[in-house]
Enquirer: 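My questions will all concern the structure given below.
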Amino acid sequence: MKNVAFPEIREALRSRKRILVASHLRPDPDAYGSAIAATLWLRSEGHEVTLWNEDGMLDKYAFLPSSELVTAPPAEPVSFDAVLALDTSVKNRLGTVLDAIAGSPLWICIDHHKSNEGYADLNLIDPSRPATAQILAEAFLNEGITITPEMATNLFAAISTDTGSFQYEGTSDRTYEVGAELIRLGVNVSELSRLLYENQPRRRLELLKHALVNARFTSHDRVASFALSLADVEKLGVIPEDNEGIIDNLRSVEGVKAAAFFEEMPDSMVRLSLRSKDPSFDACNLCREFGGGGHPMASGARIKGSFVEVQEMVLKAIDSALGSPAAKV
Ligand code: AMP
């Protein structure tokens, strides 16, 4: 796969009027923030830009500036001259957005997932960056593209959440420099952090309680996992966006090297969220075995099968990837 530099992408888009910007389903702030910032940039260059996400704009992130730009795709397909996919490791993670694109537009992808094999005509994939928004922010800064306070806030929210508040693997001096530059450009860090991290609905605490009470520790306590069945969802009254981040509470336990979250989905599918805390365990490689992908320390997959059997199969695969505890020095 050949990577292109950002100026080549900007040049390719110059002559294309109608552009669709899109990002992955089950969106997080990197999916939203990078897509909103890119939309504002492309509009400032005179393009007609549409921004779609399968899930539309989740209430949880509606505080992001210009969040009203995000809509769910329509039922009738629409033609575009180009599609810019952001933070989306495989095309099918765009979900129903794919069904709403008519004709054959130029495909461009900007992403930071290691598992991205480059499905677009022009790909800028940089797994060394902890967030797609960092790739974009650096590109805007290098190219002298004006970053408005709205764009800066979206980019900062994306970088902050994808790095676990500037902590996770992949966070570098450059990440802090980009963050500092975005603050200078107008981010109100305390207000944004309060909205991102201290504004959870009470029902999410019910989910956290469920996760803590039902947590399983396997592979000699090196793996922590919890499962959420459709019946649990009904009982707890939670919605999909409540799940995000709960797994981090299990990963944070001393001695735990991997944390897994199993969510029962309709149609005999199970959604797996996998986290690693030990660089020698690559969550992305494991999720790839099950048709998914992501990053070495945070990955996911959707697996067909019975809820219980999928859990046992995945836990067994993690156990064999970790190897025997005695073998570890
Ligand atoms: P999640 O556990 O859903 O928060 O996802 C963790 C990371 O893995 C994110 O970067 C996702 O984009 C990626 N990911 C999650 N599910 C899949 C999947 N089914 N296929 C490819 N990548 C995925």
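For this chain, numbers begin at 1 and follow the sequence in order. No hydrogens, no waters, no symmetry mates; every other heavy atom, side chains included, goes into these values. Start at 1 and go down the list; that is how both ligands and their atoms are numbered.
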Enquirer: Going by the order shown, which atoms of ligand 1 are within less than 4.0 Å of some heavy atom of G293?
Expert: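 Those of ligand 1 that fall under 4.0 Å from G293 are 8 (O), 13 (C), 14 (N), 20 (N), 21 (C), 22 (N), 23 (C).
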
Enquirer: Which atoms from ligand 1 have a heavy atom of S89 less than 4.0 Å away?
Expert: 21 (C), 22 (N)

Enquirer: Listing request: all ring-ring contact (aromatic ring centres under 6.0 Å, His included) pairs with a residue in residues 207-232, at least two apart in sequence or in separate chains.
Expert: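 Passing the test, one end in residues 207-232: F226-F261.
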
Enquirer: Looking at E244 and K60, is any side-chain nitrogen of the basic one under 4.0 Å from a carboxylate oxygen of the acidic one?
Expert: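 Yes, charged N to carboxylate O under 4.0 Å.
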
Enquirer: Could you tell me whether K17 and D81 have a side-chain N and a carboxylate O separated by less than 4.0 Å?
Expert: no

Enquirer: List every atom of ligand 1 that sits less than 4.0 Å from any heavy atom of G294, numbering the atoms from 1 in the order shown and giving each element.
Expert: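 So the atoms of ligand 1 that pass are 8 (O), 13 (C), 22 (N).
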
Enquirer: Which residue owns the protein heavy atom closest to atom 17 (C) of ligand 1, what's the atom, and how far is it?
Expert: G300 O, 3.4 Å

Enquirer: Please determine if R26 and D55 form a salt bridge, counting it only when a charged side-chain N lies under 4.0 Å from a carboxylate O.
Expert: no

Enquirer: Record the part of A301 in heavy-atom contact with ligand 1 below 4.0 Å; permitted values are side chain, backbone, both and neither.
Expert: backbone

Enquirer: Examine the proximity of ligand 1 to H113 and report which part, side chain or backbone, both or neither, has a heavy atom under 4.0 Å away.
Expert: side chain

Enquirer: Do any N/O atoms on L274 end up under 3.5 angstrom from N/O atoms on ligand 1?
Expert: no

Enquirer: Indicate yes or no: does R203 engage E206 in a salt bridge with an N to O separation below 4.0 Å.
Expert: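 No, no charged N to carboxylate O under 4.0 Å.
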
Enquirer: Just jot down the ligand 1 atoms closer than 4.0 angstrom to any heavy atom of S273, in number order.
Expert: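 Numbered from 1, ligand 1 contributes 1 (P), 2 (O), 3 (O).
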
Enquirer: Under 4.0 Å from any heavy atom of S299, which atoms of ligand 1 are there?
Expert: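 In order of number, 2 (O), 6 (C), 7 (C), 8 (O).
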
Enquirer: Ignoring hydrogens and angles, state whether a donor on the side chain of S128 or D126 is under 3.5 Å from an acceptor on the partner side chain.
Expert: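 There is such a pair (donor and acceptor under 3.5 Å, judged by atom type) between the side chains of S128 and D126.
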
Enquirer: Please write down residue, atom name and distance for the protein heavy atom closest to atom 11 (C) of ligand 1.
Expert: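 Of every protein heavy atom, R93 NH2, 3.5 Å lies nearest to atom 11 (C) of ligand 1.
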
Enquirer: Give a yes-or-no answer on whether the side chains of S160 and Y197 include a donor-acceptor pair shorter than 3.5 Å.
Expert: yes

Enquirer: Nearest to atom 7 (C) of ligand 1, what protein heavy atom do you find, and at what distance?
Expert: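 Protein heavy atom with the smallest distance to atom 7 (C) of ligand 1: A298 O, 3.4 Å.
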
Enquirer: Do the side chains of R216 and E312 get close enough for a salt bridge, i.e. N-O under 4.0 angstrom?
Expert: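 Judged by the 4.0 Å cut-off on N to carboxylate O distance, R216 and E312 do form a salt bridge.
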
Enquirer: To the nearest 0.1 Å, how far is atom 6 (C) of ligand 1 from its closest protein heavy atom, and which atom is that?
Expert: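 The closest heavy atom on the protein side is R275 NH1, 3.6 Å.
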
Enquirer: Quick check: R271 and ligand 1, any N/O pair under 3.5 Å apart?
Expert: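 Yes; the residue has a nitrogen or oxygen that sits under 3.5 Å from a nitrogen or oxygen of the ligand.
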
Enquirer: Quick one, D87 with H113, criterion side chain to side chain contact (heavy atoms under 4.5 Å, CB included). Give me CA distance, side-chain angles, the key distance, then yes/no.
Expert: CA-CA 7 Å; D87 199 39; H113 289 94; 3.4 Å; yes

Enquirer: Would one find an N or O of H295, backbone or side chain, under 3.5 Å from an N or O of ligand 1?
Expert: yes

Enquirer: With backbone taken as N, CA, C and O and side chain as the heavy atoms from C-beta onward, which portion of E244 lies under 4.0 Å from ligand 1: side chain, backbone, both, or neither?
Expert: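 No part of E244 comes within reach of ligand 1.
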
Enquirer: Quick test of your reading of the model: are R222 and D278 salt-bridged, counting only N-O distances below 4.0 Å?
Expert: no

